[in-house]
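Written below as structure tokens is the structure these notes are about.
As the structure lists them, so they are numbered: ligands from 1, and atoms in each ligand from 1. No experiment lies behind these values; they were computed from the predicted model shown.
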Amino acid sequence: MFVLHVALQGALRGRNVEYGVTADTGGHIRYLMGLVDASEKDSAIERIAIATRAFQSDLGEEYWQSRESVTRKIEIVRFPTTQPGYLAKEELWREVPSFADALVDWIEKQPNRPDMLHAHYADAGVVAAIVRERLGIPFVFTSHSLGRVKLEAFTNSQDEVIADTDDSLGHRLKAEETALADAALVIASSRDEAEIQYAGYASYDPGKIRVVPPGSDLSMFVDARSSIAVDRMINRFLVDPDKPPLMAIARPVAKKNLAGLVKAFGKSPDLQNKANLVIIAGTRRDIDELEPELADNLYKILKMIDRYDLYGKVAYPKDHRPEDIPAIYAYARERRGIFVNPALNEPFGLTLLEAAAVGIPVIATDSGGPNDIVEVCGNGELVDPHSPTAIADAAGRILGSAALWHRYAASGAAAVQAYDWRSHAERYHRLMQSLLDAPPIVPTTPSQLLVCDIDNTLVGCPDSHAQFCKWHRDQAGMAFGIATGRSFHSAMMILEQEGSPLPEVMVTSVGSEIYHRAANATTYVTDQEWARRIDVDWDAQAVAGVLKDEALIHPQAALEQRRFKVSYLTDGSEDVVLRVGERLSSAGLQCSIIHSHGRYLDILPSRASKGAAVAYLRDLYGLTDRQVFVAGDSGNDIEMLRTMPQAIIVQNFSDGLATRPDLKHGYVASASYALGIIEGVDYFRRLAATPAK
Ligand code: GLC
Ligand code: MG
């Protein structure tokens, strides 16, 4: 495979990139270099070229060189555009047409054309779209950051919107729309990016995006040790320096919510007995010399320490060197501490990976990227960052159980493997290969349809799941679908992690969304017709408004809230469904209310449920009830099991499924998890083959 990357910004060269030399020589170049370096190690990759813009400047002559060979497989090719000098990313959109012309010329002269382009950042996306239009070469897109996120930050801040005289942000948004619409595949770094940041674009289709986290170099954190200097720096604050610390490392910006952590600690005498609090909040000479936001947050932290009289229990060193960071984490590990990231929103969560690599459990915000990390690694707990009690409870739990501490600490090792460039490249190549090679899916009518819930039905027992995968290969003519409470990307992540067969259809967010596998066999397309059908009398904001002060429930993380799904956690009270139902209907809102595991509460449009979604698919495929099998284990499957005659309840069910009168027609398998699915399908097939008496 020959992959051509397009990256226009910054001072890009093959070796010793000078990060920070210009504002645009930063993260996206580090990403690109990490990616190509891992990518070339795969023998399936024959050639990698990086196309960038040539410019003349004092930064160095190399940036004007038309070709730079980096390794045997990797080269950088530079094309001059109308402006010869260095340009900031805001100015690059004007250079796109001349760059694209030069690139098309170059490609046409190559002995072999690239199989795939990979565009980095908005303007490169437009270049790739032009190349695709002229030469028919498909492209992958990575945004690195999105104009809409910037726009929202402007709109939400009280600062004046920075004068955007040439409307570069407007051009960027348009470029992102083009890239999103024309790319064969979009790679996002986190669910937050895939599901929230991209969601405002007109060409957004979640199924075209895959979350493949970037590699992180965690080697300096593995086996890190504390140092005398670090011990001294922290211990001089503490009356009892041997207690396990809760540790936070973050710049003191409002979003990082460090004062919220001090408050959680301050409000819990029990936690203060068990632990110290260590806050590494950047470095300072004089607080008043810092940017106002940083100074303001440091004052808040100091005020909380004083309010709760935490002297001798909190360390907040004034200064540290960047190279001390691994030792700072190690300080926490050596004392059986916990790393805490209480941010109000955390787009990715690199510090959690660092903590994982060092080997300490984490308590992390449930808003943003940490969801993915904690799910993949199982190295700690997610909490609502607005809730001091949630933070304190999680800390109390982990500190109170040596077994739990060890389990979380040991699980962190998974991070080093899961988040390295090698595994990124593996998944990335697999996706590209599939886009290029997989025979296009020709719409045929399946003769049967099997729809399974994911958690505790399809997955949950590795052995069972492995047998299911084998069994599934022999089920020609049977379409495979999943129906889950998870969102599309959350579902895709677990299916990929488990190596499940790629479903033909995915019913996600408790039946409120449907995705069909695209003709390219790799990405998915939203079923807009389904969205149209269920969008009757639905007003998510009104639902959230009515339930805002309901004491028995509290909202799930931002990522779990979807266009047609408002989700809460409950304390398990029996009457919660009744209470919530009454409140909604007295406000004139008709909704489906779905309670599962005594813990989750989902409010959906009245026409949406897993059951309604499967019935819709049955009709779409032109099947009869006898050609459809459904399998599930818990409350959010009831609707689906009730609607379909061939309903399979796996042995490890919960929420009383097997004894419900409305599920009497169902088959309760004697096997658990995925083996229960196979058993159930066999049962119903045999039943159908038995002549009626
Ligand atoms: C999944 C979803 C959650 C939902 C639950 C039950 O865990 O992530 O939002 O409440 O399923 O349907
Ligand atoms: Mg389940």
Nearest non-hydrogen protein atom, atom 1 (C) of ligand 1: Gly485 C, 3.6 Å
Parallel, tilted or perpendicular: ring planes of His472 versus Phe468, cut at 30 and 60 degrees: parallel
Nearest to the Mg ion (ligand 2) - the N/O/S atom of Asp453, by atom name: OD2
Shortest protein heavy-atom distance from atom 4 (C) of ligand 1, along with the residue and atom involved: Asp602 OD1, 3.3 Å
Sub-4.0 Å atoms of ligand 1 with respect to non-hydrogen atoms of Asn636: 6 (C), 12 (O)
Apex the Mg ion (ligand 2) - arms OD1 from Asp633 and O from Asp455 - angle rounded to 10°: 90°
Any donor-acceptor N or O pair under 3.5 Å, side chains Asn341, Thr365: no
Which of the ligand 1 atoms, numbered from 1, are nearer than 4.0 Å to a heavy atom of Val510: 12 (O)
Side-chain H-bond candidate by donor/acceptor type, Glu679 with Ser670, under 3.5 Å: yes
For Ser596, the ligand 1 atoms whose distance to one of its heavy atoms is below 4.0 Å: 6 (C), 12 (O)
Ligand 1 N/O within reach of Tyr600 N/O, cut-off under 3.5 Å: no
Residues Gln556 and Tyr600: side-chain donor-acceptor under 3.5 angstrom: no
Point-to-point distance, once rounded to the nearest 0.5 Å, from NE2 of His595 to NE2 of His597: 10.5 Å
Closest protein heavy atom to atom 3 (C) of ligand 1, given as residue, atom name and distance to 0.1 Å: Gln556 OE1, 3.3 Å
Metal site the Mg ion (ligand 2): N/O/S of Asp637 inside 2.8 Å: no
Heavy atom of the protein closest to atom 8 (O) of ligand 1 (residue, atom name, distance): Glu560 OE1, 2.8 Å
Mutual orientation of the aromatic rings belonging to Tyr515 and Phe488 [parallel < 30°, tilted 30-60°, perpendicular > 60°]: tilted
Parallel, tilted or perpendicular, as decided by the 30° and 60° cut-offs, for the rings of Phe564 and Trp538: tilted
Distance-only donor-acceptor check, side chains Ser512 and Arg562, under 3.5 Å: no
Within-cut-off N or O pair, Lys565 and ligand 1, under 3.5 Å: yes
